[in-house]
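We name chains A, B, ... by the order of the sequence lines, and we start the count at 1 in each one. Because the structure is predicted, anything quoted here is derived from the model rather than measured.
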Amino acid sequence: MTEVVTRFAPSPTGYLHIGGARTALFNWLFARHMGGKYLLRIEDTDRERSTEEAVEAIMKSLKWLGLNWDGEPVFQSQQQSRHAEVAHELVKQGKAYYCYATPEELDAMREEQHAQGLPIRYDGRWRDRDPSEAPKDIAPVVRIKAPSDTEGEMVVHDLVQGEVHVPYSQLDDMVLLRGDGTPTYMLSVVVDDHDMGITHIVRGDDHLTNTFRQRVIYDAMGWKIPQFAHVPMIHGTDGSKLSKRHGAVSAFAYRDMGYLPEAMRNYLLRLGWGHGDTEIISTEEAIKLFTLEDIGRSPSRMDFAKLAYVNAHYMRDSSDDTLMELTLPFIEEALEHKPDETGLARFRAGLTDLKDRAETLAELAHAGLFYVRPRPLPLDAAAAALMDAPAQGVIRDIHGVLDTVKDFSNDNIEKALKDYAKKKGLKLGKVAMPLRAALTGTTSSPSVFHVAEILGREETLARLSDIARS
RNA sequence: GUCCCCUUCGUCUAGAGGCCUAGGACACAUCCCUUUCACGGAUGCGACACGGGUUCGAAUCCCGUAGGGGACGCCA
């Protein structure tokens, strides 16, 4: 058995789309599962729309997702002479021919077919004409001869879609080489996949019908046909094709919102692929379990709530050190300046409590922002509303109480405040909430006792004083 | 217009003729835990697109219908 080789082949006309990310993931997982190779090919033959920035963005996105490719990326534009060579070889063998029809002529032909309700196909008008009839002033294209047996059908065994049959009558003599001698996409893909030794083509199912056209080229060249797996596309929450109005489409958007690559991998894997009831699947596990046959055949919709849930899982799963490093940029962004060392140390100390109340790194940064914010802390609306006269009194009282706590630890602080509440006949909430407001500026946070411990006596008392004065 | 693909809870899915009064997860609701918010635990809500067959028996097989998606370029 030969080694499995897969490829991801984006055209660099923009950022990496989330659907593309999943296609890349499936290619990567399958190659890793089979102990094979996963290659990257940049399909930049459209010189008008391809940009250097897009190439950069796609590569950076793939790296962020941890989908590193084997070897050097192949740039399709650099293989053009090889593609042309194949086309000329086919002409020589009589399997392709020159067509002198003008674009205007073809437009007219299609219009006519449309009007008559016929399939829109090139009618082969130059297929059997003698070259001597060729007009001198037209640069011809090269067309491949589709099967002339119009009765039969072509069958493709797709690992995801199963057996797909298409009547030969649906195929026409497609263009291999343009008038200017450059290869078309259909030709380039087939030649590159062959030359790169691709054994399994895993791509979006918008290419399913292209497969039949590409088969004609494989057959003409006598090349071995690779295995195909056409994976359904990802749709937006409303079931229509995913677009900008659905929110995040680019892989970078997810990075910037604070999603973890491992969470993206898990979520994207489960979107359209299942393994029993298992939901949380680590990348190592996924490599062991992944099969192309288990990819679903129906398109899936993005579910941001589930992504958030999966992300929350992986955040809790991360070590505090890793998480701190990942969260730092989000803290800086939320704070709008660099936090000081003390604040950062406090944030780090509070991370264990913080991390199970955030679903993204951005939320995590916000949840712990009170650790790094300089005094005096602004109160949010709910916290301000809570600061009524009795609460103000509690603040003044507990300033005194906490001042006398010798070892400023969670347990001692808790005991002191519980004693105070009991003495005053107050429910603990009546004491803890004002304290929380003073220390965090909000009405929700991890244990206030622990927050106080992390802030330390001096900072805790200072924040209480800030409130008492206002 | 022609051809191809798809259709199980709101969403992602399990399900390969009897294990299905259809399972899990997210979301939602209620309760428990609790100093708040979360986390965690428990319970609930909720689907085989529709219509015909085949069969003792169908979510699973067959045929239609409807709806959705895709392809039909000298774009990729």
Side-chain angles (χ1 to χ4, degrees), chain A residues 9-13 43-46 48-50 76 99 101-103 106-107 110 113-122 139-143 158 160-162 164-167 169-172 174-180 182 184-186 188-189 204-213 230 232-233 235 237 239-241 267 270-280 296-310 312 316 353-359 367 382 386 414 417-418 421 427-433 435-437 440 442-449:
Chain A
S11 41
T13 53
E43 308 215 316
D44 56 347
T45 48
D46 186 341
E48 297 293 300
R49 294 194 298 154
S50 299
Q76 195 156 56
C99 166
T102 62
L106 294 173
D107 282 345
R110 292 189 187 104
Q113 287 169 339
H114 187 77
Q116 292 188 33
L118 293 168
I120 296 166
R121 301 285 115 81
Y122 172 71
V141 301
V142 173
R143 286 183 183 271
D158 190 280
V160 173
Q161 309 286 339
V164 185
H165 302 246
V166 162
S169 58
Q170 291 300 312
L171 269 17
D172 64 2
M174 64 185 162
V175 174
L176 259 26
L177 243 39
R178 301 186 185 98
D180 65 2
T182 59
T184 60
Y185 166 77
M186 288 294 176
S188 299
V189 171
D205 71 359
D206 49 338
H207 287 290
L208 183 57
T209 50
N210 284 340
T211 307
F212 293 87
R213 310 172 77 74
H230 286 95
M233 329 212 69
H235 287 179
T237 44
S240 71
K241 202 172 169 175
Y267 174 75
R270 282 291 290 115
L271 192 63
W273 182 89
H275 187 264
D277 287 340
T278 322
E279 298 287 344
I280 299 295
R297 281 183 299 274
S298 55
S300 353
R301 301 180 186 202
M302 271 303 287
D303 182 355
F304 294 97
K306 183 132 183 187
L307 207 212
Y309 169 84
V310 173
R316 272 179 261 132
D353 291 343
L354 245 24
K355 70 179 175 185
D356 59 335
R357 62 194 63 233
E359 291 186 313
L386 183 138
E414 181 171 353
L417 290 174
K418 279 186 170 164
K427 283 175 127 176
L428 189 53
K430 289 288 175 195
V431 178
M433 285 309 283
L435 175 61
R436 168 170 290 113
T440 71
T442 71
T443 52
S444 83
S445 78
S447 161
V448 265
F449 313 126

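Here the side chain of A:Val166 is nearest to one of B:G1, B:C3, B:C6, namely B:C3. Distance from the side chain of A:Asp356 is smallest for B:C39 among the nucleotides B:G70, B:C39, B:G10. With B:U35, B:G69, B:C26 as the choices, the nucleotide that has an atom nearest any side-chain atom of A:Ala305 turns out to be B:C26. Comparing atom distances between the A:Met233 side chain and each of B:G23, B:U35, B:G70 picks out B:G70 as nearest. With B:C72, B:G73, B:C12 as the candidates, the nucleotide lying closest to the side chain of A:Arg121 is B:C72. If you check B:C6, B:C4, B:A76 against the side chain of A:Ser11, the one that comes closest is B:A76. Minimum atom distance to the side chain of A:Asp206 is reached by B:G70, of the listed B:U36, B:G70, B:A27. Distances were taken from every side-chain heavy atom of A:Val164 (C-beta onward) to each of B:A76, B:C4, B:C74; the shortest belongs to B:C4.
Nucleotide B:A25: paired with B:U11 (Watson-Crick or G-U wobble, both distances less than 3.5 Å). The base-pairing partner of B:G40, taking Watson-Crick or G-U wobble contacts with both distances under 3.5 Å, is B:C32. Searching all strands for a Watson-Crick or G-U wobble partner of B:G67 with both distances below 3.5 Å returns B:C6. In this structure, B:G57 makes no Watson-Crick or G-U wobble pair, since no nucleotide meets both defining distances under 3.5 angstrom. Look at B:G46: it lacks any Watson-Crick or wobble partner with both distances under 3.5 angstrom.
Between B:U13 and B:C6, the distance separating the two C1' atoms is 16 Å to the nearest Å. As rounded to the nearest Å, B:C32 and B:G15 have P atoms that lie 38 Å from one another. Straight-line distance between the P atoms of B:C28 and B:G10: roughly 16 Å, to the nearest whole Å. With both ends at atom P, the span from B:C62 to B:U55 equals 16 Å, rounded to whole Å. B:C3 sits 27 Å from B:G51 when the P atoms are compared, rounded to a whole Å. One P atom belongs to B:C39, the other to B:G57, and the distance between them is 49 Å to the nearest Å. Distance check on atom C1': B:A59 versus B:U8 gives 7 Å, rounded to whole Å. Rounded to whole Å, the separation between the P atoms of B:A14 and B:A49 comes to 14 Å.
Put simply, CG on A:Asn210 is 11 Å from P on B:G73, counting in whole angstrom units. The CZ-C1' distance, from A:Arg297 to B:A14, rounds to 14 Å in whole Å. Between the CG atom of A:Asp353 and the C1' atom of B:A38 there is a distance of 11 Å, rounded to whole Å. With rounding to whole Å, A:Trp273 atom CH2 is found 17 Å from B:C12 atom P. Taking atom NZ of A:Lys306 as the reference point, atom P of B:U11 lies 13 Å away to the nearest angstrom. In this entry the distance linking CZ of A:Arg110 with P of B:C3 reads 19 Å, nearest Å. Summarising the geometry, the separation between CZ on A:Phe212 and P on B:C5 is reported as 8 Å, rounded to the nearest angstrom. For the pair A:Lys430 NZ and B:U36 P, the interatomic distance rounds to 12 Å; values are reported in whole Å.
Minimum interatomic distance between A:Ser300 and A:Leu271 (heavy atoms only, all atoms of both residues): CB-CD1, 3.6 Å. Closest non-hydrogen pair, A:Gln170 versus A:Arg213, comes out as O-NH1, 4.2 Å. Across every non-hydrogen atom of A:Arg436 and A:Thr442, the tightest pair is CG-O, 3.4 Å. Nearest heavy-atom pair, A:Thr45 versus A:Gln76, reported as atom, atom and distance to 0.1 Å: CG2-CG, 3.6 Å. When all heavy atoms are compared, the tightest approach of A:Glu43 to A:Pro12 is O-CD, 3.3 Å. Across A:Met433 and A:Thr443, no two heavy atoms sit closer than the pair CE-O, 3.4 Å.
A sub-4.0 Å separation between OP1 or OP2 of B:C26 and a side-chain N or O of A:Tyr309 is present. Distances shorter than 4.0 Å separate none of the side-chain N or O atoms of A:Thr184 from OP1 or OP2 on B:C74. The phosphate of B:C12 has neither OP1 nor OP2 within less than 4.0 Å of any side-chain N or O from A:Arg270. The side chain of A:Arg436 places no N or O atom within less than 4.0 Å of a non-bridging phosphate oxygen (OP1 or OP2) of B:U34. Under 4.0 angstrom from either OP1 or OP2 of B:C74 there lies at least one side-chain N or O belonging to A:Arg143.
Within 4.0 Å (heavy atoms only), A:Val175 reaches sugar-phosphate atoms of the nucleic acid but no base atom. Using a 4.0 Å heavy-atom distance criterion, A:Glu279 is classed as a base contact. Among the atoms of the strands shown, only primed sugar atoms or phosphate atoms (P, OP1, OP2) are found under 4.0 Å from some heavy atom of A:Thr45. Heavy atoms of A:His275 sit nowhere under 4.0 angstrom from any nucleic acid atom. Within the 4.0 angstrom heavy-atom criterion, base atoms lie near A:Ser445. Counting any heavy atom pair closer than 4.0 Å across all strands shown, A:Arg213 reaches no nucleic acid atom. A:Pro103 comes within contact range of at least one nucleobase, with a heavy-atom separation under 4.0 Å. Residue A:Pro446 is in base contact, counting any heavy-atom pair closer than 4.0 Å across all strands shown. If you check every strand for non-hydrogen atoms under 4.0 Å, A:Gly272 touches sugar and phosphate atoms only. In this structure, A:Phe449 reaches the bases: a heavy-atom distance under 4.0 Å links it to at least one base atom across the strands shown. Nucleic acid contact for A:Leu271: sugar-phosphate only, since backbone atoms but no base atoms lie under 4.0 Å from a heavy atom of the residue. As judged by a 4.0 angstrom heavy-atom cut-off over every strand, A:Thr443 is placed among the base-contacting residues. Within 4.0 Å of A:Val141, counting heavy atoms only, lies at least one base atom of the nucleic acid.
Of the two residues contacting RNA chain B, namely A:Ile120 and A:His165, the nearest-nucleotide position lying further toward the 5' end is that of A:His165. Positionally, the nearest nucleotide of RNA chain B for A:Thr278 lies more toward the 5' end than for the other of A:Thr278 and A:Ala432.
A:Asp158 places a side-chain N or O within 3.5 Å of a backbone atom of A:His230 that can act as its donor or acceptor partner.
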- Task: Give the intermediate values and the outcome of side chain to side chain contact (heavy atoms under 4.5 Å, CB included) for residues A:Tyr122 and A:Val175.
- Result: CA-CA 10 Å; A:Tyr122 172 71; A:Val175 174; over 6 Å; no
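In this structure, A:Met186 and A:Leu176 have side chains that are not in contact, with every pair of non-hydrogen atoms separated by 4.5 Å or more.
Here A:Arg110 contributes atom CZ and A:Ile120 contributes atom CD1; the two are 8.0 Å apart, rounded to the nearest 0.5 Å.
A donor-acceptor contact under 3.5 Å is not formed by the side chain of A:Ser300 with the base of B:U11. Put simply, the side chain of A:Asp277 and the base of B:G23 share a donor and an acceptor less than 3.5 Å apart.
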